[in-house]
Amino acid sequence: MIWIYITSFIIAYYIYKRSRLIKDSFVNYKKIVVTPTKSIYNGLQMNLYSKNIFTKTIADKIKNIYPIKSISYGTNSYQNILDTNKYSNIISFIQEVAYYEYYNNNKITDVRYICSIGLEKFTFITNTNSPIRNWTNLNDDMTIGTLEKNTGSYLSLIKIKEALNLNFSVKTYKKITSAIANDIKNTNINGFFVITSHPDINIKNLQEKMPLRIFGTDGIDKTILDIIFPNLKKTKIDLTNYNIFTDIPNTLSSSIDVICNKNFSDYNGYNLISTIFKNFMQIKTYGNDNYKLNMKDFNPEYLYLTNDKYQLHNGVYNFYKEIGLITNNNSNACKYIVGTQQCNRNSINNYKLLGNSILIDE
């Protein structure tokens, strides 16, 4: 019997000492504090620069294929740039032409480029009875309407005004409504300038109020356009979608760009651009007839960065390199670009992007 007690005591003592050893071994263990990033505990927010149906539709499509927690509609490009520069959990849509106005700002250092996702065009609207047929018909006594300050439309109109040495007045509107048609008919304004995708539902609504004349950049000297908008591509406006069958007006296109903060994780940046690329055809073609027409001119090559005004997000850089769009070729003749255009000294960017470009040794 005594051996049973002794054995039980030995086992109990062993268990006690073992438990003390386990406990003691963790007493002075260094604590690990895990602090989730804002993009984790706040969720990812997407900011749009307007409430127009086109950009809202694109944003909804991206939200369906990528974990965006919320979409904020209707600030402006400049505010989106400021917010994205400050917060790592914000992804923003901005107008390309608006970004060019601010990229030299020393305070805008943390914005990074993801991709472009749509196209808009310079558009001037007036009444068919108006003497204004192109930009040469504008004078200092006129008043031209556009969208609010810090929008791409307002900034571009001011640049054109200064370049043409005109002193017309500018009246701003929050959005395109019937008030614009009424103001044109009552000559409170002589025309309205906007950068938008076509066909624009709101412009079609204006057309129900009055017959429209629509043009783009006609009347502005090509040299002036190249100086004030050197990065924008020349294009046309298809007026048949408005049942207008006049000469097709010349204009410029400005891309809708997706930007993020430099502290948006490389992993998430890579996944976002990869997801957009893999779902490009769905983003471009899935929607109503008007949306499909809005996306008609937006080809895959427009997804890529083709200028040196932006900095690529690291995750996007990694994706470009993985799929062969970035080369380490150190040719001094050319740094390569993405797209179908030829590669020459007039089309240089910092990333040596190599798409369907052709290297020309000059």
Side-chain angles (χ1 to χ4, degrees), residues 49 55 76-78 80-81 84-85 92-106 108-109 111-123 135 150-164 193-198 216-218 220-237 250-260 297-313 316-317 320 325-326 334-357 360:
Y49 58 83
T55 52
N76 59 63
S77 290
Y78 183 49
N80 285 354
I81 292 169
T84 307
N85 188 68
S92 292
F93 282 18
I94 63 170
Q95 291 174 295
E96 171 189 16
V97 70
Y99 181 79
Y100 294 152
E101 292 299 306
Y102 300 110
Y103 86 96
N104 279 330
N105 187 331
N106 292 329
I108 307 299
T109 57
V111 168
R112 297 294 183 267
Y113 178 89
I114 297 290
C115 68
S116 299
I117 202 66
L119 294 176
E120 297 178 314
K121 299 178 180 181
F122 283 38
T123 307
W135 288 88
N150 291 325
T151 64
S153 300
Y154 178 89
L155 295 168
S156 298
L157 178 62
I158 298 302
K159 289 192 74 168
I160 294 172
K161 174 185 173 181
E162 293 173 350
L164 297 180
F193 175 79
V194 66
I195 300 177
T196 187
S197 58
H198 289 285
T217 57
D218 291 320
I220 304 176
D221 186 86
K222 177 182 179 298
T223 303
I224 292 177
L225 286 177
D226 289 342
I227 291 172
I228 59 178
F229 302 112
N231 297 291
L232 301 187
K233 295 180 175 62
K234 294 174 177 61
T235 186
K236 305 274 188 178
I237 302 175
N250 300 301
T251 194
L252 296 176
S253 66
S254 171
S255 61
I256 300 169
D257 296 339
V258 185
I259 60 172
C260 67
D297 294 336
F298 188 72
N299 299 315
E301 68 181 271
Y302 289 117
L303 288 167
Y304 309 114
L305 177 62
T306 57
N307 65 71
D308 60 358
K309 301 299 184 291
Y310 285 105
Q311 283 186 261
L312 280 177
H313 183 265
V316 179
Y317 178 90
Y320 277 13
L325 292 178
I326 291 180
C334 186
K335 291 189 178 181
Y336 296 99
I337 61 171
V338 167
T340 57
Q341 54 198 316
Q342 285 188 332
C343 179
N344 55 51
R345 287 194 175 117
N346 294 322
S347 48
I348 290 177
N349 65 68
N350 293 329
Y351 296 102
K352 300 181 182 177
L353 300 177
L354 177 61
N356 296 322
S357 315
I360 299 177

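Computed from heavy atoms alone, side chains included, the values below leave out hydrogens, waters and symmetry copies. Start at 1 with the first residue, then count along the sequence.
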Evaluate the side chain to side chain contact (heavy atoms under 4.5 Å, CB included) criterion for residues Tyr49 and Ile256: first the C-alpha distance (whole Å), next the side-chain angles of each, then the deciding distance (0.1 Å), finally the verdict. CA-CA 10 Å; Tyr49 58 83; Ile256 300 169; 3.4 Å; yes

Could you tell me whether the side chain of Asp257 reaches within less than 4.5 Å of the side chain of Phe93, counting heavy atoms only? no

Classify the side-chain pair Thr235/Ser253 by whether it contains a donor and acceptor separated by less than 3.5 Å. no

Rounded to the nearest 0.5 angstrom, the OG1-CD1 distance for Thr223 and Ile227 is 6.5 Å

Between Ile108 and Tyr102, which heavy-atom pair has the shortest distance, and what is it? CG1-O, 4.0 Å

Could you give the distance from OG (Ser116) to CG (Leu305), rounded to the nearest 0.5 Å? 7.5 Å

His198 to Thr123 - nearest heavy-atom pair and separation: NE2-OG1, 2.7 Å

Which of parallel (below 30°), tilted (30 to 60°) and perpendicular (above 60°) describes Tyr310 and Tyr100? tilted

Where do Cys260 and Thr84 come nearest, in terms of heavy atoms and distance? C-CG2, 3.3 Å

Between Gln311 and Thr109, which heavy-atom pair has the shortest distance, and what is it? OE1-O, 4.4 Å

Validation row: Leu303, Phe298 side chains within 4.5 angstrom (heavy atoms): yes

Roughly how far, to the nearest 0.5 Å, is the OH atom of Tyr99 from the CG atom of Asn80? 13.5 Å

CG/Asn250 to CG/Leu225 distance, rounded to the nearest 0.5 angstrom? 9.5 Å

For the pair Leu232 and Phe122, evaluate side chain to side chain contact (heavy atoms under 4.5 Å, CB included) and give the outcome as yes or no after the intermediate values. CA-CA 10 Å; Leu232 301 187; Phe122 283 38; 3.7 Å; yes

With sequence neighbours excluded, tell me which residues meet salt bridge (Lys or Arg N to Asp or Glu O under 4.0 Å) with Asp226. Lys222, Lys234

Heavy-atom distance under 4.5 Å between the side chains of Ile81 and Val111, does that happen here? yes

At their closest point, which heavy atom of Ile195 faces which heavy atom of Ser153, and how far apart are they? N-OG, 2.9 Å

Could you check whether any side-chain heavy atom of Asp297 comes within less than 4.5 Å of a side-chain heavy atom of Lys121, counting everything from C-beta outward? yes

Show your working on side chain to side chain contact (heavy atoms under 4.5 Å, CB included) between Ser254 and Phe229 and close with a plain yes or no. CA-CA 10 Å; Ser254 171; Phe229 302 112; over 6 Å; no

Please name the pair of heavy atoms, one in Leu312 and one in Tyr113, separated by the smallest distance, quoted to 0.1 Å. CD2-CD2, 3.8 Å

Separation between CG (Leu164) and CH2 (Trp135), nearest 0.5 Å, reads 7.0 Å

To the nearest 0.5 Å, what is the distance between CD (Gln95) and OG1 (Thr196)? 8.5 Å

Applying salt bridge (Lys or Arg N to Asp or Glu O under 4.0 Å) to Lys159 and not counting sequence neighbours gives Glu101

